[in-house]
Every structure is written in structure tokens, then in C-alpha cells.
Amino acid sequence: MSKIMVVGAVGAGKSTILAALRGNVKDVKKTQVIEFGAQTVDTPGEYIENPRFYRALLSTALQVDYVLFVQDATSDRSVFPPGIGQLFPGYSVGIITKVDHPEANVERAKGLLHHLALKGKGEVFEVSALAGDGLEELKQRLEL
Ligand SMILES: Nc1nc2c(ncn2[C@@H]2O[C@H](COP(=O)(O)OP(=O)(O)OP(=O)(O)O)[C@@H](O)[C@H]2O)c(=O)[nH]1
Ligand SMILES: [Mg+2]
């Protein structure tokens, strides 16, 4: 069993992905603090959006096997600085979420993740936490 941590913009869908991996997406609330679960670490979007909090994210990442960089497919904005994938300890994986959304643009999201320089094989998964697309594959890949 592995441990995963999610980072990404405010409202990107990080908590909803974790809830979907647990099997229940009801009542997902805005994340206020770093939340430690048995196999998961959820982080508030504000932490990656404000360099002042990078240190907290980096030290927390020491405790996990996989860091999931979450990009909202409906957003044309990246909150990740170039090369950040290499800065984080642990294996990094890109996640494009909300692929079910009518305004989703998966190719644009792929482009936005490109400059992170993800570690390892640079794997990117396309998921919908609400519709369920790609979740089973992600679960298997992350050994959850
Ligand atoms: N259509 C669609 N909406 C989604 C999906 N995942 C999340 N959302 C919506 O996006 C909004 C934000 O989701 P959260 O999971 O709370 O986002 P977050 O990244 O945890 O945000 P912070 O806790 O503020 O950092 C919610 O209204 C979700 O219902 C998805 O796969 N598809
Ligand atoms: Mg959250």
C-alpha cells in the first residue's frame, strides 16, 4: 500500500479525487489545512498558489510515495512553477481532472502540465472524480 499527496490550484478538484478514490464524493468541503488520511494527504490550493507555503508542501511530501499534480481541465491557468516536479521528493504524477465537464480541454491541460518536468516517466492520467473516468486505472497504478 502506498501513500499519495495531492497538490494543485484552489478548486482544481483535489479533495474530490481523494473522495472518489475512497468511493464517496458527497459533502466534499473546501480544504483549510493539510489533512492527513491513512493513505492520503490533502492540501489546500492556497499552499501551491503561495510560494510562502512551498516549504510546508515539500516537507510533507517526504512522507508520501506519490505526489499528484492536479490540473483542472476547465482552467486555462497553471499554478505550478516550471520544473517543480523535480523539486518535490517522491515520484510525481500528473492528473488532469474534470474531463467530464462540457468546458474541459484536455489537450490544453496536458500542455499546462508539461512545464512541470514530472519525475519518473512523466505519467499523466485523465480522470473525472464525478463521472468516474480513469479512477480504477489510477487506483491500480498508485497501488491504493
Ligand atoms: N465536473 C466536475 N466537477 C468537479 C470534478 N471534481 C471536482 N469538481 C468540482 O470542483 C469544485 C472544487 O472541488 P474540490 O475537490 O473541493 O477542489 P480542491 O482542489 O480540493 O480545492 P481546495 O480545497 O480549495 O484547494 C467542486 O465544486 C467539485 O464538485 C470533476 O471531476 N468533474
Ligand atoms: Mg480540497
Side-chain angles (χ1 to χ4, degrees), residues 2-85 87-119 122-144:
S2 63
K3 193 151 185 166
I4 65 171
M5 167 174 165
V6 286
V7 294
V10 171
K14 302 176 295 298
S15 302
T16 311
I17 291 170
L18 296 183
L21 291 171
R22 283 193 294 265
N24 181 8
V25 292
K26 272 191 213 151
D27 304 324
V28 174
K29 293 195 178 63
K30 201 250 168 305
T31 312
Q32 305 280 4
V33 295
I34 296 181
E35 290 178 8
F36 296 88
Q39 287 189 77
T40 60
V41 181
D42 195 0
T43 67
E46 286 82 358
Y47 275 57
I48 193 71
E49 297 199 21
N50 187 341
R52 191 185 300 174
F53 294 118
Y54 283 2
R55 194 190 300 245
L57 288 180
L58 290 169
S59 55
T60 304
L62 288 168
Q63 303 173 42
V64 305
D65 304 297
Y66 297 97
V67 179
L68 277 55
F69 291 93
V70 179
Q71 175 65 47
D72 179 346
T74 70
S75 173
D76 59 3
R77 173 179 89 108
S78 172
V79 296
F80 303 117
I84 197 170
L87 199 65
F88 269 78
Y91 196 99
S92 51
V93 172
I95 306 285
I96 296 171
T97 191
K98 307 192 191 181
V99 301
D100 64 284
H101 197 285
E103 281 158 35
N105 183 336
V106 174
E107 288 310 310
R108 178 182 63 194
K110 270 185 199 159
L112 290 173
L113 282 174
H114 190 70
H115 75 286
L116 270 72
L118 294 166
K119 265 193 198 159
E123 288 162 90
V124 174
F125 293 83
E126 299 167 20
V127 309
S128 165
L130 292 189
D133 309 51
L135 290 177
E136 206 42 53
E137 193 192 345
L138 186 64
K139 230 172 169 170
Q140 284 185 11
R141 173 62 190 89
L142 300 179
E143 306 144 70
L144 294 170

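Indexing begins at 1, ligand by ligand and atom by atom, following the structure's order. When a residue number appears, it is its place in the shown sequence, counting from 1.
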Worksheet item: Less than 4.0 Å between a side-chain N and a carboxylate O, is that true for E35 and K14?
Response: no
Worksheet entry | Distance flag for atom 27 (O) of ligand 1, protein heavy atom under 4.0 Å | no
Worksheet, complete the sentence: Judged by heavy atoms only, the candidate from P102, G11, G132, A9 nearest atom 12 (C) of ligand 1 is G11
Practice prompt. Please work out which of H101, K98, K29 has its closest non-hydrogen atom nearest to atom 9 (C) of ligand 1.
Written response: K98
Practice prompt. Verify the contact flag for atom 30 (C) of ligand 1, where contact means a protein heavy atom under 4.0 Å away.
Written response: yes
Worksheet entry | Part of D42 within contact of ligand 1 (heavy atoms, under 4.0 Å) | neither
Worksheet item: Of all the heavy atoms in G8, does at least one lie under 4.0 Å from an atom in ligand 1?
Response: no
Item to complete: Keeping waters out of it, list the protein N, O or S atoms under 2.8 Å from the Mg ion (ligand 2).
Response: S15 OG, T31 OG1
Fill in: ligand 1-proximal atoms of S15, by part, heavy-atom distance under 4.0 Å
both
Fill in: Flag for D100-S128: side-chain donor and acceptor within less than 3.5 Å
yes
Worksheet item: Above 12 or not: heavy atoms from other molecules or residues under 6.0 Å from NE2 of H115?
Response: yes
Worksheet item: Between the side chain of E49 and the main-chain N/O of V10, is any donor-acceptor distance below 3.5 Å?
Response: yes
